[in-house]
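To keep things clear, I will list the structure first and then write my remarks on it.
Since this is a predicted model, take the numbers as computed values, not measurements.
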Amino acid sequence: MTNHQQDEAFMQRALTLAANTTSLASPNPQVGCVLTRDDQILAEGAHLYDHRDHAEIAALKQVAERGINAEGATAYVTLEPCSHHGRTGPCADALIAARIARCVIATQDPNPRVSGQGIARLRAADIEVTIGVLQQQARDLNEAFAHFIQHHSPFVTLKAALSVDGKLAPPPATRTTNQPHWLTSPAARAEVQRLRHASDAILTGIGTVLADDPALTDRTNLPRRRPLLRVILDTHLRTPLTSQLLRTANSVSGLTPDLLILTSPEAPTTNRTSLEAGGAEVVSIPAENGHLSLPAVLATLAERQILSLLLETGSQLNGAFIRHNLVDKAILFYSETELGNDALPFAEGVPSPYLFEQSLHRITRTTFGPPESPDACITGYLHDPWSRTTKI
């Protein structure tokens with residue numbers, strides 16, 4: 001095995017450790033660290049927010065617990081070791097104090113205030129530093145963190161399940177009230193649950209609530225550090241008290257509500273009182289031309305340290321988020337079902353999702369479901385989450 005292959009193998013292990021912290025590290029990044037010497041793993045660690053220790057510190061503590069001296073070791077870290085004092089001390093200083101000989105880093109810290117400083121400290125201590133090993137994988141893992149730390153706004157992913165002719169749902173007159181219409185396979189819907197698990201919050205509008213009565217819960221049964229925040233845009237507070245959202249609201253005393261309803265200042269006070277009594281948190285934000293301000297929505301979520309937001313919205317909100325240039329990533333599932341010209345469009349103001357795809361970059365294509373009739377999945381970006389360029 002060449003040195004480069006060896007670096008990639010150990011970094012892959014560090015990335016696996018980091019990936020296993022999904023929903024356990026936010027609002028911090030997902031980071032893994034592997035300490036090696038003589039081609040053998042000495043210790044490893046990953047960052048869990050509630051445990052405070054960063055990945056490097058966790059690995060160094062594991063070395064100490066095993067009675068091993070880390071001097072001369074190589075550290076493989078998925079993100080540049082921090083150089084500043086936050087909830088913990090600088091990891092770069094801890095690695096220097098441990099007298100490691102080399103540090104292999106997948107990618108620099110996206111925080112413009114500290115990026116490169118950890119690397120500079122290591123090099124100043126005569127530690128050999130290699131940067132960029134499996135960089136894209138590391139960046140993909142922390143795209144929401146990178147976006148948030150630079151733009152102070154959630155990373156917004158639009159998810160939609162569509163018919164092959166690019167429609168979102170059958171005509172309202174043909175649908176059963178309060179029942180979702182499934183277009184895609186169970187395999188595709190399981191993938192959506194994984195997307196929910198990887199998100200800090202999920203958002204929909206009152207139109208979808210009234211039409212589908214969704215629960216919008218994370219049903220993966222995987223551990224989370226904090227509940228998936230379910231966000232409803234409801235200008236006039238029409239969310240039914242009998243809805244699944246209210247029936248599943250976290251109403252345990254002392255816990256932060258997991259159901260946030262954003263409304264206008266003019267919404268009926270009696271409705272607000274009833275919804276709050278049912279376990280929802282209701283917050284008023286500015287409205288423009290009868291619609292809630294989407295920038296105000298994102299600002300409200302940013303104040304709550306929501307790094308990643310998944311949109312599961314209807315045609316109107318899909319179009320509004322796209323028109324306001326607030327979508328960063330899109331994930332479109334296509335079934336082989338045709339819904340016809342009278343069906344609901346993918347997004348108001350967008351002629352076709354196939355035309356919308358032309359605005360995406362770094363597109364990947366996958367399939368879900370049985371081989372004889374799989375659902376296609378198109379994933380692409382409208383904005384580079386690691387770019388420091390201010391969004392329009």
Side-chain angles (χ1 to χ4, degrees), residues 4-37 39-66 68 70 73-84 86-96 98 100-111 114-115 118-119 122 127-149 194 197-198 200 222-225 307-308 385-386:
H4 179 70
Q5 290 173 326
Q6 187 177 65
D7 282 349
E8 287 196 344
F10 286 130
M11 186 61 76
Q12 190 62 64
R13 174 57 187 165
L15 284 166
T16 298
L17 293 169
N20 288 338
T21 68
T22 298
S23 293
L24 298 174
S26 182
N28 283 359
Q30 294 178 247
V31 184
C33 175
V34 174
L35 293 176
T36 72
R37 188 167 52 220
D39 303 337
Q40 299 295 317
I41 293 179
L42 302 179
E44 54 189 30
H47 172 63
L48 301 175
Y49 187 87
D50 285 343
H51 291 183
R52 299 180 70 91
D53 286 342
H54 288 188
E56 300 92 324
I57 304 303
L60 289 172
K61 284 185 175 180
Q62 190 178 93
V63 162
E65 290 169 358
R66 293 175 175 176
I68 302 172
T74 296
Y76 291 85
V77 190
T78 59
L79 187 68
E80 174 185 358
C82 63
S83 58
H84 61 286
R87 297 199 310 157
T88 61
C91 292
D93 289 356
L95 292 172
I96 292 168
I100 67 167
R102 182 172 179 241
C103 189
V104 182
I105 301 167
T107 189
Q108 286 187 220
D109 192 322
N111 187 342
V114 299
S115 182
I119 293 168
L122 294 170
I127 293 173
E128 179 187 348
V129 177
T130 300
I131 307 170
V133 176
L134 302 184
Q135 176 177 272
Q136 193 58 59
Q137 289 187 43
R139 290 190 167 193
D140 289 347
L141 191 62
N142 281 307
E143 58 190 16
F145 173 79
H147 181 275
F148 188 89
I149 203 69
R194 287 188 284 272
H197 179 70
D200 290 335
L222 296 172
R224 302 185 64 97
R225 189 186 75 81
L307 274 59
S308 53
W386 284 75

Does the Gln62 side chain pair with the main chain of Glu44, one donor and one acceptor, at a distance under 3.5 Å?
-> yes
| Is a donor on one side and an acceptor on the other found under 3.5 Å between the side chain of His147 and the backbone of Trp386? | no
Inset, instruction - Answer yes or no: is there a donor N or O on one side and an acceptor on the other, between the side chain of Ser308 and the main chain of Asp200, under 3.5 Å? - result: yes
- Task: Indicate the ring-plane relationship of His54 and His47, choosing parallel, tilted or perpendicular according to the 30° and 60° boundaries.
- Result: perpendicular
To the nearest 0.5 Å, atom CG of Asn142 lies from atom OG1 of Thr107 at 9.0 Å
Checklist line | Heavy-atom donor-acceptor pair, Thr22 side chain to Ala198 backbone, under 3.5 Å | finding: no
Heavy-atom distance under 4.5 Å between the side chains of Leu95 and Leu60, does that happen here?
yes
In terms of heavy-atom contacts, Val77 and Cys103 come closest through CG2-SG, 4.2 Å
Rounding to 0.5 Å, atoms CG (Leu79) and CG (Leu141) come to a distance of 9.5 Å
> Just by modelled atom types, is the Gly118 backbone N or O under 3.5 Å from a matching donor or acceptor in the Glu80 side chain?
Replying inline: yes
One should read off an interatomic distance between Leu222 CG and His197 NE2, to the nearest 0.5 angstrom, of 4.5 Å
For Ala43 and Ala59 the tightest heavy-atom approach is CB-O, 3.4 Å
Checking Cys82 against Val114 for the side-chain contact (heavy atoms from CB on, under 4.5 Å) test, could you report, in this order, the C-alpha distance in whole Å, the side-chain angles of both residues, the deciding distance, and whether it holds? CA-CA 8 Å; Cys82 63; Val114 299; over 6 Å; no
Nearest heavy-atom contact between Ala58 and Asp53 is N-CB, 4.3 Å
Next on the checklist: Test your reading of the model: is there a side-chain donor-acceptor pair from Arg225 to the backbone of Asp50, 3.5 Å cut-off?
Outcome noted: no
Close side-chain approach of Ile68 to Arg37, heavy-atom, < 4.5 Å: yes
Whether the side chain of Asn28 engages the backbone of Tyr49 through a donor-acceptor N/O pair (distance < 3.5 Å, no angle test) should be reported. no
Here the pair of heavy atoms bringing Gln30 nearest to Ala25 is CG-CB, 4.1 Å
Separation between CD (Glu8) and OH (Tyr76), nearest 0.5 Å, reads 10.5 Å
Value for CE (Met11) from SG (Cys33), rounded to nearest 0.5 Å, stands at 9.0 Å
Taken to the nearest 0.5 Å, the spacing of Ile100 CD1 from Leu42 CG works out to 11.5 Å
Of all heavy-atom pairs linking Ile57 and Ala94, the shortest is CD1-CB, 3.4 Å
Residues Ala55 and Gly45: closest non-hydrogen pair is CB-O, 3.7 Å
